[in-house]
Amino acid sequence: METPLTQYIKPDRLPPGIEDYKKAGGYSGTIKAIKEMSPSDIKTLVKSSGLSGRGGAGFPTGVKWELVPVDANGNGYKYLVANADEMEPGTFKDRYLLEGNPHQLLAGMIIASYAIGAQKAYIFLRWAYKKAEAIIRKAIAEAYDAGYLGNNILGTGYDLDIYIHSSAGRYICGEETALLNSLEGKRGIPRTKPPFPAISGLFGQPTAVNNVETLCWISHIIEKGADWFRKLSLTGEGGTKLYGVSGRVRNPGLWELPMGTTMREIIYDHAGGMLEGYKLKGVIPGGVSTDFMIESQLDTKMDFASVRAAGSRLGTGTMIVLDDKTCPVAFIHSMIKFFAQESCGWCTPCREGLPWVEKILASFENGTAKYDDIEILEFHTQYMAPGNTFCAHAPGAMEPLQSGLRYFREEFVRHINEKHCPWR
Amino acid sequence: MLTDKEKDDIHKEMNQYPYPEATCIDALKVVQYHRGWISDDAVEDIANELKMTVDEVDSVATFYTRIYRKPVGRNIILLCDGTSCLVMGYESVYEYISKKLNLKFGETTDDKRFTLLPVSCLGDCDHSPALMINDDHYNNLTVNKIDEILEKYL
């Protein structure tokens with residue numbers, strides 16, 4: 001089984017330096033792209049590979065790049081931004097790539113920038129990733145020294161600078177338009193779309209924002225082709241995927257597996273199944289903005305289409321397992337508390353609605369909830385549904401709540417009947 | 001007044017943006033690095049340097065969780081209360097630290113050695129529970145590891 005993204009990552013060892021990575025052929029896709037291919041060749045190839053955004057939305061990467069106008073250079077630059085903000089609880093996949101092989105990301109960013117005609121690129125990094133920051137800074141310096149960055153890259157006449165911006169916190173900055181505001185030094189509040197970032201993005205210029213895992217694929221796809229990429233997968237969606245599991249399992253961690261590996265295989269074969277004495281009660285499949293899945297859905301293939309068909313979202317593919325000894329209401333409360341805290345405050349339903357829902361969930365835990373409160377919670381899952389809020393933050397928060405109310409209704413009612421949390 | 005060192009550090013960051021205001025967050029981080037937190041005077045200093053209004057800078061400073069607009073201790077303990085850490089028992093770690101240092105979330109010890117803050121995720125979910133002190137991550141926490149960790153920070 002091929003593991004292109006993680007093949008050079010050795011946990012607890014330093015990441016490959018530029019010389020080692022070049023020797024391993026790591027920059028050959030980059031050299032081929034900028035020396036032998038036109039930007040439109042690259043976009044066509046990436047589009048035909050079917051690579052889709054690994055940040056969670058699954059938007060086709062090649063299509064995203066094609067939306068950036070070819071001739072819109074005007075007075076300013078075009079920009080590429082690597083979204084390395086990764087702040088959704090339960091998610092730790094990009095960290096592994098950033099710390100383990102920074103040159104793989106840079107190799108992809110150079111190609112992506114060349115494809116959209118960007119002369120400047122930024123890595124927007126999660127504030128907590130201090131080790132990754134040091135590793136990436138060193139890798140960027142090496143890439144400049146080797147002539148892969150800066151002016152006239154490898155004698156091709158193409159110029160590119162890559163900068164790193166380490167964030168100052170706030171989950172909302174992972175939303176691409178909020179990220180752009182933050183990168184401009186402003187409050188991280190989402191922007192109205194349209195205009196989409198491809199037309200008017202960073203500093204008002206055409207911009208593509210791609211997730212780290214997505215960008216890490218690019219040099220491999222250029223080197224080995226679209227067919228190779230598609231065949232790595234078990235389903236129609238190409239490539240491998242970084243899958244993670246946390247919670248009370250024997251071996252929590254992260255694995256690169258063919259796209260479409262079943263949830264059962266990931267949790268039981270790779271994460272070793274549940275710890276002795278614990279039963280699986282539910283799974284949040286891809287970050288806390290995704291609907292619960294339950295035991296009867298364990299054979300779901302973990303790709304975008306299959307998880308959607310099962311009523312949830314693949315999201316980031318990093319799962320949190322809920323066990324029978326953890327209170328499901330406390331579990332949901334912790335997710336909603338996160339979303340309430342992280343609301344940017346721009347639109348009223350999110351700013352006011354999420355803290356209200358959070359307070360009601362707290363009342364279940366302290367034994368003061370009433371029967372009406374279940375209906376109030378259900379009302380809010382509709383009230384903050386997509387279309388009623390400015391961005392996807394509050395609707396994302398409502399996903400685990402609405403499926404949690406469906407699957408764990410009995411447990412909610414027990415809190416009311418027994419006037420305390422039965423798990424405490 | 002910004003010190004020369006603070007100014008230098010801010011101007012280095014400015015190189016990566018097309019105009020000075022875009023440096024606002026980096027400037028706040030620079031000043032916080034040197035002073036520990038962002039006082040009203042610090043907001044004004046940054047506003048003057050970047051040719052922004054005080055309100056503009058403060059609107060940014062108060063938005064971001066890792067910018068401190070109140071004094072904090074010499075060492076900041078960020079204890080994750082996210083979902084994976086809840087499942088894996090961060091609450092017992094919180095109780096232990098809270099009792100040992102006589103601190104609740106949001107408080108600073110009298111000797112200014114520690115401030116304890118909650119944080120919603122550190123990306124250590126496969127090794128939870130987790131906390132961060134200053135720039136250092138600690139994970140797979142159990143109550144009996146805490147004393148040794150805290151001793152490193154004076």
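Residue numbering restarts at 1 for every chain, and letters A, B, ... go by the order of the sequence lines.
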In terms of heavy-atom pairs under 4.5 Å with chain A, the winner among B:Cys85, B:Cys125, B:Ser128 is B:Cys125
Using heavy-atom distances under 4.5 Å, tell me whether [X] contacts chain A through its side chain, its backbone, both, or neither.
X        : value
B:Leu86  : side chain
B:Met88  : both
B:His137 : side chain
B:Leu78  : side chain

Between [X] and chain B, with a heavy-atom cut-off of 4.5 Å, which part of the residue counts as in contact: side chain, backbone, both or neither?
X        : result
A:Cys327 : neither
A:Thr326 : side chain
A:Arg95  : side chain
A:Val321 : backbone

Ring of A:Tyr278, cation from A:Lys325 - is the NZ or CZ under 6.0 Å from the centre and inside 45° of the axis?
yes
Taking a cut-off of under 4.5 angstrom between non-hydrogen atoms, the residues of residues 62-74 of chain B near chain A are B:Thr62, B:Phe63, B:Tyr64, B:Thr65, B:Arg66, B:Ile67
For residues 5-18 of chain B against chain A, heavy atoms under 4.5 Å, the residues are B:Asn15, B:Gln16, B:Tyr17, B:Pro18
**OP:** Look at the aromatic rings of A:Phe408 and A:Phe292 and report parallel, tilted or perpendicular, splitting at 30° and 60°.
**Re:** perpendicular
